[in-house]
Engineer: 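I am attaching a structure below and will ask some questions about it afterwards.
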Protein chains: 2
Amino acid sequence: MNSPVHKPTSIKDIARIANVSSSTVSRALHNSHLISRRTAERIQSIAKESGYSASAIARGLVTQRTKTIGVVVTSISDPFVSDVVNGIEEYANDHGYSVFLANSNAEPERETKVVQSFSERRVEGIVVTSSRVGALYRPLLSEMRIPIVLVNNQHPGEFVNSVLIDNVKGSADVTNHLIQLGHRRIAYIGDRFGYQSDMERLTGYREALERADLPFTPELVVHGDGKCEGGMIGVEMLLSLPKSPTAIFCYNDMTALGALRQLNLKKISVPGDISVIGFDDLFIASFTQPPLTTVRQPRRLMGRLAMESLLKLISGEDSATTIKVPAELIVRESTAPPREDLQ
Amino acid sequence: MNSPVHKPTSIKDIARIANVSSSTVSRALHNSHLISRRTAERIQSIAKESGYSASAIARGLVTQRTKTIGVVVTSISDPFVSDVVNGIEEYANDHGYSVFLANSNAEPERETKVVQSFSERRVEGIVVTSSRVGALYRPLLSEMRIPIVLVNNQHPGEFVNSVLIDNVKGSADVTNHLIQLGHRRIAYIGDRFGYQSDMERLTGYREALERADLPFTPELVVHGDGKCEGGMIGVEMLLSLPKSPTAIFCYNDMTALGALRQLNLKKISVPGDISVIGFDDLFIASFTQPPLTTVRQPRRLMGRLAMESLLKLISGEDSATTIKVPAELIVRESTAPPREDLQ
DNA sequence: ACTGTCTTTGCACACGTTTGCGAAGATGCG
DNA sequence: CGCATCTTCGCAAACGTGTGCAAAGACAGT
């Protein structure tokens, strides 16, 4: 009646019922060829009707393989992160792995605590997404020898495997798209100074200009903050130039959102007067006014690739240390040829 | 050099170094009062410098407590879900629990497989968010006696604990807000027929009308699909009425998004000609044109409450079977008094 | 009938930890 | 000094499963 702890049926219980040894039961449940079909089926039916559920922890203890991995994220609320985790979980689950999830909230001490916990749980691998504290993993990694894969890490050291987006190529695609539309004065609103992804996107922008024999104009590059406010301020700065740009490439969609809002406030038509383009293809990008041209990161794919890479590491293969995935330009309605009188 | 599997140092290794028994080491690491301070400190320092990491699985095997819980979600990519999970993970982690995450993709067979996996992993509890297959858990629940908490489940059976949003109250708040602004013809664009949350929101809407002595007009209630398209079609239907409503209450923000889009297409001003209001307070709600008045669900709080409830169940307490959390009206710029000539 | 091979099963140990119990030593009290 | 109590530690069992090895039985070949 009131049994607070209900002991699940074990392999020994079944052995007793079937009148065999526990090792026979273990083998029968694994369809070992060492057991005759008759007794195997008999044991399996007993197991089924007694509601047997094998203990993964006992198995893990003896096999030394837990079939679990840990993923640590800054915040699962971040839409980018949750999509990546979606891909990781899917791939992991399809390969018999369960995943531990932990938020770090970008706090280093919490991050170490989480990794320590994963270590005690004997996860076979770890994937870290969007963390800025990559260096922190070096001692832990070498000490406990757990394979680690980073995805879109801000400071990917050479010592770990990682999958990351091809920022340079994606950014060049954006710029080329604008150039082909006829734009010649193209601005860039970046993130805060020093972020690797921001620098890479700036690089792509400059390379594309150079290839098209267009001049690089330092005044057309301003810094935002990766958020809405930065986009608004960035636009304000660009509009105060003696000659405004005809197109604005924003570091990410949030920045573009701010840019759109500020342009709307100023009664400047998009894309009639100025074209705007973002990066990330957040859910919101297709619902702005006008729908935003942007660059899509294959987030779920990146998660799957990270997990695939991790499984290779676990099985002992030396997989490629870094995987670079292509970004995809998504053309919507916020970009158009420049007004003729402004060209 | 090439040791593919690196055995972590165990309690026995430390015992050998410290020249004591393994049980002494175990107690020393737990700061047991059975061990003298001197030897305890000696052992702890040895453990630290040898990089010892206790095996949670071995511990779990003997203590019969894994300190893990499982959370199964339809999709972690859903912003509602990811916020709830954020709250769950935070509360769980603060109480020493690790969480397994698994997507069900709303596929029943995958859901059972996942729960089976959790069972084998000997999780101490399970929380399920936004699932429609609640009934599926009854046999599993009774069979393996694992505490389960549901959050915002579509069919919360009486047999499980659950935390859910107060749809009726939130919906009544919305309707009252519109009534106080002076609206008398208020429309409702619902979800597909038969969903519990939709029916509850409709109930709140009707109750508020009744309390204000306003008539309930069946033509003003149309069905959407919980998505953007449903909102667009719903608006179209409402505009074809002989007398259009002056305000539209949408089942959720996505529906409201569609409504805004369609109204914009028809050159109908919001909130000048028609007020629009949503439900959920998705991230996007503050970025629409105009920013959307809506109802906020305290998603992280719901996650924390679910985990708190689950921990009580695990410790044997009979916690309240259902927790109802209040929704909060967020007034932005998509609602205003009706045009005087339309009142 | 003897030997050898193949099939099927059980014994025993291992995985790494916790914990009840007993024992040894230290200490206190009369 | 005798005895009781307290402190500190080790022994051994247990958790539930997997697996090498031996053994028992079945069977075929000579």
Side-chain angles (χ1 to χ4, degrees), chain A residues 5-44 46-47 50-68 96 117 119-124 144, chain B residues 5-44 46-47 50-68 96 117 119-124 144:
Chain A
V5 280
H6 180 72
K7 264 205 174 187
T9 66
S10 81
I11 226 174
K12 291 184 182 176
D13 302 325
I14 299 178
R16 199 177 313 116
I17 298 176
N19 214 18
V20 294
S21 77
S22 60
S23 48
T24 301
V25 176
S26 174
R27 285 192 254 255
L29 295 178
H30 284 305
N31 283 322
S32 164
H33 64 281
L34 290 179
I35 304 296
S36 71
R37 281 182 56 90
R38 278 202 33 179
T39 55
E41 286 171 359
R42 189 165 60 91
I43 290 174
Q44 282 167 9
I46 292 178
S50 67
Y52 173 73
S53 170
S55 167
I57 51 177
R59 173 183 301 146
L61 184 56
V62 52
T63 62
Q64 300 286 67
R65 305 208 49 192
T66 56
K67 285 282 194 174
T68 60
S117 161
S119 164
E120 294 193 353
R121 296 237 124 93
R122 297 293 189 264
V123 298
E124 298 183 19
M144 56 198 195
Chain B
V5 280
H6 179 71
K7 263 206 173 185
T9 66
S10 81
I11 226 173
K12 291 183 182 176
D13 301 325
I14 299 178
R16 199 177 312 116
I17 299 176
N19 214 18
V20 294
S21 78
S22 60
S23 45
T24 300
V25 176
S26 174
R27 285 191 253 258
L29 295 178
H30 285 304
N31 282 322
S32 165
H33 64 281
L34 291 179
I35 304 297
S36 71
R37 281 183 56 91
R38 276 201 35 179
T39 54
E41 286 170 359
R42 189 166 58 92
I43 289 175
Q44 283 167 7
I46 292 179
S50 67
Y52 173 72
S53 169
S55 167
I57 50 177
R59 174 183 300 144
L61 184 57
V62 51
T63 62
Q64 300 285 65
R65 304 208 51 192
T66 55
K67 286 283 195 172
T68 59
S117 161
S119 164
E120 294 193 354
R121 296 237 125 94
R122 296 295 188 263
V123 298
E124 298 183 20
M144 56 198 195

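Here is the naming used below: chain letters follow the sequence lines, and residue numbers restart at 1 for every chain.
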Engineer: What's B:Thr39 touching, base or sugar-phosphate or nothing? Going by heavy atoms closer than 4.0 Å.
Structural biologist: sugar-phosphate
Engineer: Could you list where the contact with chain B starts and ends along DNA chain D, reading 5' to 3', using a 4.0 Å heavy-atom cut-off?
Structural biologist: D:dT8 to D:dG16
Engineer: Are the side chains of A:Ser22 and A:Arg16 in contact, using a 4.5 Å heavy-atom criterion?
Structural biologist: no
Engineer: Is B:Ser55 close enough to C:dG16 that one of its side-chain N or O atoms is under 4.0 Å from OP1 or OP2 there?
Structural biologist: no
Engineer: Rounded to whole Å, please give me the gap between CZ in A:Arg121 and C1' in C:dT17.
Structural biologist: 14 Å
Engineer: In residues 56-65 of chain B, what residues come within less than 4.0 Å of DNA chain C, judged by heavy atoms?
Structural biologist: B:Ala58, B:Arg59, B:Val62, B:Thr63
Engineer: Would you say B:Lys7 reaches C:dC15's phosphate, i.e. side-chain N/O to OP1/OP2 under 4.0 Å?
Structural biologist: yes
Engineer: Check each residue of residues 23-32 of chain A for a non-hydrogen atom within less than 4.0 Å of any atom in DNA chain C, then write out the ones that pass by number, or none.
Structural biologist: A:Ser23, A:Thr24, A:Arg27
Engineer: Salt bridge or not for A:Arg65 and A:Glu124, using N-O below 4.0 Å?
Structural biologist: yes
Engineer: Could you check whether any side-chain heavy atom of A:Ile14 comes within less than 4.5 Å of a side-chain heavy atom of A:Ser50, counting everything from C-beta outward?
Structural biologist: yes
Engineer: Please round to the nearest 0.5 Å and tell me the distance separating atom OG of A:Ser36 and atom CZ of A:Arg42.
Structural biologist: 8.5 Å
Engineer: Working to the nearest 0.5 Å, report the span between NZ of A:Lys7 and CG of A:Asp13.
Structural biologist: 8.5 Å
Engineer: Do B:Ser23 and B:Ser26 have side-chain atoms, one donor and one acceptor, less than 3.5 Å apart?
Structural biologist: no
Engineer: Would you mind classifying the nucleic acid contact of B:Ile35 as base, sugar-phosphate or nothing, using non-hydrogen atoms under 4.0 angstrom?
Structural biologist: sugar-phosphate
Engineer: What is the separation between atom CD on A:Glu41 and atom C1' on C:dT8, rounded to the nearest whole Å?
Structural biologist: 15 Å
Engineer: What is the distance from atom CG of B:Asn19 to atom OG1 of B:Thr39, rounded to the nearest 0.5 Å?
Structural biologist: 12.0 Å
Engineer: Please round to the nearest 0.5 Å and tell me the distance separating atom CD1 of A:Ile35 and atom CD of A:Gln44.
Structural biologist: 10.5 Å
